[in-house]
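What follows is a set of notes on a single structure, which appears directly below.
First listed ligand is number 1; within each ligand, the first listed atom is number 1.
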Amino acid sequence: MSSPYTVRWGILATGGIAETFTKDLLLDPSSRDVSDVKHIVVAAASSSSVDRAKQFLADCSCPSDAKAYGSYPELVKDPNVDIVYVATPHSHHYQNTMLCLLAGKHVLCEKAFTTNAAQAKKIIETAKEKKLFLMEAVWTRFFPMSIHIRKMIQDGELGDVHRVIADNSFGANVEERWGTQHRMVNMELAGGALLDLGIYSLTWVFQCIYHTLPPDSRKAPSVLGSISKYAKTGADEKTSMLLTFPAAPPAPSKHDAHGIALTNFRVATFPNKHELTRPAIRIQGTKGEIQVDGPAYRPRNWRFIPVGKGDGDVEWVEAKIPGHGMFWEADECARCLRDGRSESEFLGWEESVVIMETMDEVRRQNGQKYPEKIETLDYPVEL
Ligand SMILES: NC(=O)C1=CN([C@@H]2O[C@H](COP(=O)(O)OP(=O)(O)OC[C@H]3O[C@@H](n4cnc5c(N)ncnc54)[C@H](OP(=O)(O)O)[C@@H]3O)[C@@H](O)[C@H]2O)C=CC1
Ligand SMILES: O=C1OC[C@@H](O)[C@H](O)[C@H]1O
């Protein structure tokens with residue numbers, strides 16, 4: 001058996017998801033029956049200090065020879081880094097990803113890709129120019145469950161999919177939990193429910209209705225969106241979206257399809273998040289519906305209820321996750337690098353842009369603008 005293709009990662013920022021991702025990277029791939037790729041963490045950078053980066057590497061049990069850097073520019077100069085995982089707040093993704101690409105590094109950038117679609121197009125254009133790999137880290141797309149559900153739809157097991165309803169909401173006392181400075185509500189950090197959580201509701205709508213079509217049949221949806229703002233900062237705390245995907249050309253398909261994407265900081269998808277009470281996602285076709293339990297970003301159970309059957313007739317299917325589940329997107333990055341592909345077919349550049357454009361339009365309809373310094377295409381900008 002040939003030795004696995006090995007990818008050397010640099011971690012940019014040392015916050016919560018950086019730690020979760022890094023620990024997942026270091027899990028033995030055989031624990032998820034993977035043998036063709038493997039991952040090494042060779043460096044991490046903190047904008048706070050080199051000591052913070054050192055502590056991060058230690059906390060994640062990274063190899064002792066992994067390099068700690070006290071700045072992002074130092075990280076992207078490291079010749080041992082093949083690909084950088086960008087784990088800063090949404091507001092910084094554009095500047096940080098441009099830094100990496102211009103230094104010749106492949107990039108996996110956390111979601112939301114950027115603050116707006118124009119920035120997403122700019123980093124994609126730069127990746128194309130530099131012949132580099134770039135992907136938005138919408139990790140849920142790479143779950144075996146997501147892949148299986150997409151295939152069921154493409155194989156016609158649901159019949160014609162007319163509607164997808166997806167909710168990704170937290171029940172929180174926003175004032176107590178996040179105040180005014182936390183990235184979740186801080187407009188300086190592109191805070192708000194839409195870019196942080198709503199993108200997962202949109203992910204389920206898009207991966208079931210849009211992504212399952214042949215690429216040349218995919219058409220961007222029209223969207224109606226409603227935003228309610230958190231009084232203390234103006235970030236969106238409730239965003240509800242109705243998307244209409246036109247009938248798929250060239251063969252005039254029988255219908256268009258609706259997506260209802262919801263996100264909310266005040267009320268949760270499940271009243272009791274530890275019980276399987278109701279689906280976070282419903283994928284509704286003419287032969288039946290798939291229900292996914294949620295949370296939308298890391299669902300663990302799903303079921304298919306054929307037309308004629310009741311909820312009580314069909315058991316939930318548990319989809320086990322040997323770890324947190326971020327390794328699957330990393331495995332996809334490794335396979336793309338191995339095969340010389342600049343983008344993943346699971347989440348290509350065009351689809352990331354269409355989703356960013358959808359969120360832009362919802363923000364436009366509701367007068368939701370972030371500070372110019374995080375909406376700008378200028379680079380470099382000190383944030
Ligand atoms: N895929 C998933 O499941 C999840 C994804 N995310 C995404 O990951 C990104 C980061 O989220 P999360 O890890 O929770 O955020 P954290 O606040 O925990 O970490 C963000 C890190 O970014 C760096 N940073 C640089 N500049 C700033 C700044 N001005 N303000 C705050 N932090 C700054 C800091 O690291 P340093 O000081 O070392 O430079 C900080 O620790 C977001 O885009 C979010 O959407 C978040 C949670 C889950
Ligand atoms: O991506 C995410 O998934 C889990 C949430 O807790 C987090 O806020 C969000 O960024």
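Of all the atoms in ligand 2, the ones that sit under 4.0 Å from a non-hydrogen atom of Lys111 are 1 (O), 2 (C), 9 (C), 10 (O). Within ligand 1, the atoms closer than 4.0 Å to a non-hydrogen atom of Met326 are 1 (N), numbered from 1 in the order shown. Each of the atoms 8 (O) of ligand 2 lies under 4.0 Å from some heavy atom of Met184. Of all atoms in ligand 1, listed by their number and element, those nearer than 4.0 Å to a heavy atom of Lys111 are 5 (C), 7 (C), 42 (C), 43 (O), 44 (C), 45 (O).
Regarding atom 20 (C) of ligand 1, its nearest protein heavy-atom neighbour is Ala87 O, 3.7 Å. Scanning all protein heavy atoms for the shortest distance to atom 12 (P) of ligand 1 gives Arg183 NE, 3.5 Å. Shortest contact from atom 25 (C) of ligand 1 to any protein heavy atom: Tyr72 OH, 3.3 Å. When hydrogens are left out, the protein atom nearest atom 27 (C) of ligand 1 is His92 NE2, 3.9 Å; that is the closest non-hydrogen contact. The nearest protein atom to atom 7 (C) of ligand 2, hydrogens excluded, is given as Asp196 OD2, 3.5 Å; this is a heavy-atom distance. From the protein, the heavy atom lying nearest to atom 1 (O) of ligand 2 is Tyr200 OH, 2.6 Å. Scanning the protein for heavy atoms near atom 6 (O) of ligand 2, the closest one is Phe170 CZ, 3.3 Å. Considering only non-hydrogen protein atoms, atom 19 (O) of ligand 1 sits nearest to Gly15 CA, 3.4 Å.
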Candidate pair Arg183 and Trp178, rule side-chain contact (heavy atoms from CB on, under 4.5 Å), full reasoning: CA-CA 8 Å; Arg183 73 170 185 86; Trp178 294 314; over 6 Å; no

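The shortest N or O to N or O distance between Gly16 and ligand 1 is under 3.5 Å. In terms of polar-atom proximity, defined here as any N/O pair under 3.5 Å, Thr14 does make such a contact with ligand 1. Geometrically, ligand 1 and Arg52 share no nitrogen or oxygen pair separated by less than 3.5 Å.
In Thr20, neither the side chain nor the backbone holds a heavy atom less than 4.0 Å from any atom of ligand 1. Under 4.0 angstrom from ligand 2, there are no non-hydrogen atoms of Arg298. Residue contacts with ligand 2, taken as heavy atom pairs separated by less than 4.0 Å, involve Arg183 solely via side-chain atoms from C-beta onward.
Two residues are said to be in side-chain contact when any heavy atoms from C-beta on lie closer than 4.5 Å; Asp59 and Phe56 fail this criterion.
Phe206 does not carry Arg141 over the face of its six-membered ring by the limits of under 6.0 Å from the centre and within 45° of the normal.
At least one heavy atom of Trp139 sits closer than 4.0 Å to an atom of ligand 1.
Under the 3.5 Å distance criterion, the side-chain polar atoms of Asp313 are matched with a main-chain donor or acceptor of Gly310.
Shown here for Cys60 and Thr22, the closest heavy-atom pair between the two residues is CB-CG2, 3.7 Å.
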